[in-house]
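Scroll down for the structure; my scribbles are underneath it.
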There are 2 protein chains.
Amino acid sequence: MSLTAANIAAKPKPAATEGNGCQRFNTMPGNGAQPKTNYCASCAAHDKALCSRLTGSDLAEFGSMSQHKTITAGQMLFSEYDDARYYYTVISGDVRLSRMLDDGRRQITGFKSTGDFIGLGTDGHFTADAEAINEVVVCQFTVPTLNQSLEEYSVVQGRLMEMMQEEVINLQNHMLLLGRKTPMEKIANFLVERAKKYSGVDLDGDAITEVDVKLPMSRTDVADFLGLTIETVSRTITKLRKNGVIALETAQHIVIKDIEELELIANGEA
Amino acid sequence: MSLTAANIAAKPKPAATEGNGCQRFNTMPGNGAQPKTNYCASCAAHDKALCSRLTGSDLAEFGSMSQHKTITAGQMLFSEYDDARYYYTVISGDVRLSRMLDDGRRQITGFKSTGDFIGLGTDGHFTADAEAINEVVVCQFTVPTLNQSLEEYSVVQGRLMEMMQEEVINLQNHMLLLGRKTPMEKIANFLVERAKKYSGVDLDGDAITEVDVKLPMSRTDVADFLGLTIETVSRTITKLRKNGVIALETAQHIVIKDIEELELIANGEA
DNA sequence: CGCTGGATTGATTACCTTCAAGGTTGGTGG
DNA sequence: CCACCAACCTTGAAGGTAATCAATCCAGCG
């Protein structure tokens with residue numbers, strides 16, 4: 001089977017500068033003689049990624065078909081309507097996926113970071129723009145390569161299926177947010193989600209007082225993710241700050257002072 | 001591999017009345033001696049459904065593991081948080097999938113009809129409510145049965161993957177609509193989508209004048225799908241009617257008078 | 001014929017957007 | 001080192017649009 005039924009067109013139109021995609025393992029720090037097995041096993045993305053269920057020689061062989069590529073901040077990984085030549089796993093950095101209307105209105109459909117797969121929702125062509133928010137390293141497979149690997153490694157296919165399920169659930173959650181939540185609920189929701197995913201702190205434990213949340217993306221990005229204007233985002237964050245629920249270290253570094261209150265707000269219970 | 005990694009909990013809590021799920025082929029009209037092969041092959045949903053790539057004895061065997069079930073208007077197929085015991089394919093009728101907030105605010109995440117698969121975005125539990133809009137017939141597989149079938153029939157798995165891709169694209173489109181489109185654009189978009197999917201007319205052909213669109217769902221459903229209030233839905237439809245772009249046969253039966261204009265409006269180009 | 005639920009229309013309000021200005025931060029170059 | 005600049009963020013004021021509140025209309029049905 002194949003991830004997309006459509007065949008790839010003959011004339012690929014690369015989005016990002018081509019040819020800077022270094023050979024696999026080139027980005028491996030230091031010791032080039034390190035066994036392949038250990039390389040992918042020690043990858044920061046491995047635990048959450050498509051390859052998470054592969055180990056040993058399977059992992060090494062699967063990984064050997066991939067390449068690392070580095071994208072600088074602001075650069076496009078691909079654009080909507082581009083032929084889908086590669087699928088990607090984010091190793092480090094942050095990517096925004098977005099769709100646009102002709103007049104410039106934009107909806108960010110998701111932020112992708114370490115371990116996330118990029119290429120879901122593709123039918124031979126990409127259906128969104130993918131841009132690097134900061135310096136990003138991705139692990140890329142060509143579409144035919146990955147499709148063949150899916151047949152060979154059923155655990156990879158299973159993991160992909162699982163990741164697609166998670167994506168559908170995420171998108172449904174976000175639809176509820178976009179369609180029915182107030183700006184305050186949207187912002188609170190966004191901050192809580194960020195805290196859960198990226199703070200590394202177990203929020204379910206008691207005695208949680210403060211949680212650091214880093215926002216690599218701009219206010220404009222946040223606005224386009226939540227279906228708001230940049231001014232409303234700013235004002236709402238200010239309101240949360242004045243209420244003492246959060247504090248701003250810098251514009252991109254928020255400290256949640258009262259995570260429980262923020263969760264209540266996020267779910268419309270406050 | 002399995003569609004969901006999570007195992008199903010021991011105590012299933014059925015949403016719809018159980019036991020009315022008739023044995024497979026019971027709903028077959030008339031001749032009970034008709035060969036199995038022909039039954040599924042002549043199913044109204046087959047062309048678009050999960051089983052669309054199966055033929056002959058494979059199709060018959062696959063189909064023999066399913067049951068048909070009929071749900072009356074307003075009845076729940078399942079509720080959010082229910083253990084996911086079955087996956088469904090809609091044979092006839094219309095189903096709405098929705099998520100709710102505690103205070104009753106609701107977002108409809110999709111309308112499902114003939115051929116559509118219900119069960120995407122599930123992690124052992126359903127993540128949305130599924131309700132019958134009118135009388136609905138579904139073809140259901142138990143979760144373990146379908147998971148096993150996916151391993152056995154790779155074409156089914158491929159089709160499922162493809163359907164998940166389509167679903168992700170749909171959801172992303174709808175996020176753009178919810179987050180960034182005006183009420184007028186939302187309504188126009190909705191009508192055009194309905195026309196494309198259900199009118200049976202090829203809209204790309206020239207010389208298209210009028211297109212009939214049936215809306216089985218209520219205005220409340222439309223509002224909760226588009227992130228609007230019922231009043232705004234009604235007012236916007238009225239505006240389109242007064243502009244001559246559409247006409248109302250009845251509240252649930254709309255005639256598109258100018259499909260091109262409606263498409264322009266839907267994409268913010270008018 | 002009256003009843004009921006859904007749809008439409010009307011009037012008012014609140015909220016978010018828009019338009020506009022000021023403030024902050026980080027980088028660059030003199 | 002500091003001034004300057006640009007980009008981004010925040011704050012303010014005004015206005016419009018969709019939500020809310022409320023009444024009427026309409027179709028289906030007992």
Side-chain angles (χ1 to χ4, degrees), chain A residues 72-74 96 101 103-107 131 133-135 177-188 190-191 213-243 246-254 265 268, chain B residues 73-74 96 101 103-108 131 133-134 177-191 213-243 246-254 265 268:
Chain A
T72 58
R96 64 170 167 259
L101 291 172
D103 60 8
R105 282 176 287 172
R106 187 178 68 154
Q107 177 66 46
E131 293 168 276
I133 291 174
N134 37 35
E135 179 159 304
L177 177 147
L178 288 172
R180 287 298 180 218
K181 292 198 173 180
T182 66
M184 179 58 88
E185 289 163 0
K186 287 177 177 182
I187 295 288
F190 177 68
L191 293 176
V213 178
K214 299 285 176 59
L215 301 180
M217 72 291 295
S218 69
R219 292 287 188 269
T220 304
D221 286 344
V222 175
D224 286 346
F225 184 53
L226 301 178
L228 300 170
T229 61
I230 174 176
E231 293 94 336
T232 300
V233 170
S234 189
R235 274 187 252 270
T236 306
I237 287 177
T238 298
K239 204 178 292 179
L240 284 171
R241 180 171 56 74
K242 288 187 174 167
N243 289 347
I246 66 171
L248 267 70
E249 205 71 38
T250 69
Q252 333 291 338
H253 178 189
I254 287 172
I265 296 171
Chain B
R96 62 169 169 260
L101 291 170
D103 60 9
R105 280 176 288 173
R106 186 179 69 153
Q107 178 65 47
I108 290 181
E131 293 167 275
I133 291 174
N134 36 35
L177 178 146
L178 288 172
R180 288 297 179 219
K181 291 198 174 180
T182 66
M184 179 59 87
E185 289 163 359
K186 288 177 176 182
I187 295 288
N189 203 92
F190 176 67
L191 293 176
V213 178
K214 298 287 176 57
L215 302 180
M217 72 292 292
S218 68
R219 292 289 188 266
T220 304
D221 286 345
V222 175
D224 286 347
F225 184 54
L226 300 178
L228 300 170
T229 61
I230 171 177
E231 293 94 335
T232 299
V233 169
S234 190
R235 273 187 255 271
T236 306
I237 288 176
T238 298
K239 204 177 291 179
L240 284 171
R241 181 170 54 75
K242 289 188 174 168
N243 289 346
I246 64 172
L248 267 69
E249 205 71 37
T250 69
Q252 331 292 338
H253 178 190
I254 288 172
I265 296 172

Side chain to side chain contact (heavy atoms under 4.5 Å, CB included) involving A:Lys214 - partner list, sequence neighbours excluded: A:His253
Walk along nucleotides 5-18 of chain C from 5' to 3' and tag each nucleotide B, S or - by protein heavy-atom contact under 4.0 Å, base first, then sugar-phosphate. --SBBBB----SBB
B:Arg106: partners by salt bridge (charged side-chain N to carboxylate O under 4.0 Å, His left out), with sequence neighbours left out: B:Asp221, B:Asp224
Could you list the residues that satisfy salt bridge (charged side-chain N to carboxylate O under 4.0 Å, His left out) with A:Arg241, not counting sequence neighbours?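 With sequence neighbours excluded, A:Arg241 shows a salt bridge (charged side-chain N to carboxylate O under 4.0 Å, His left out) to no residue whatsoever.
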Results of side chain to side chain donor-acceptor pair (under 3.5 Å) for [X] - residues two or more places apart only:
X	answer
B:Gln107	none
A:Asn134	A:Asp94
A:Lys181	A:Asn189

Side chains of residues 225-233 of chain A: which donor-acceptor pairs under 3.5 Å do they make with residues two or more places apart or in other chains?
residue: A:Thr229; atom: OG1; partner: A:Thr232; partner atom: N; Å: 3.2
residue: A:Thr229; atom: OG1; partner: A:Thr232; partner atom: OG1; Å: 3.0

At a 4.0 Å cut-off to heavy atoms of chain A, the contacted part of DNA chain D spans D:dC9 to D:dA13
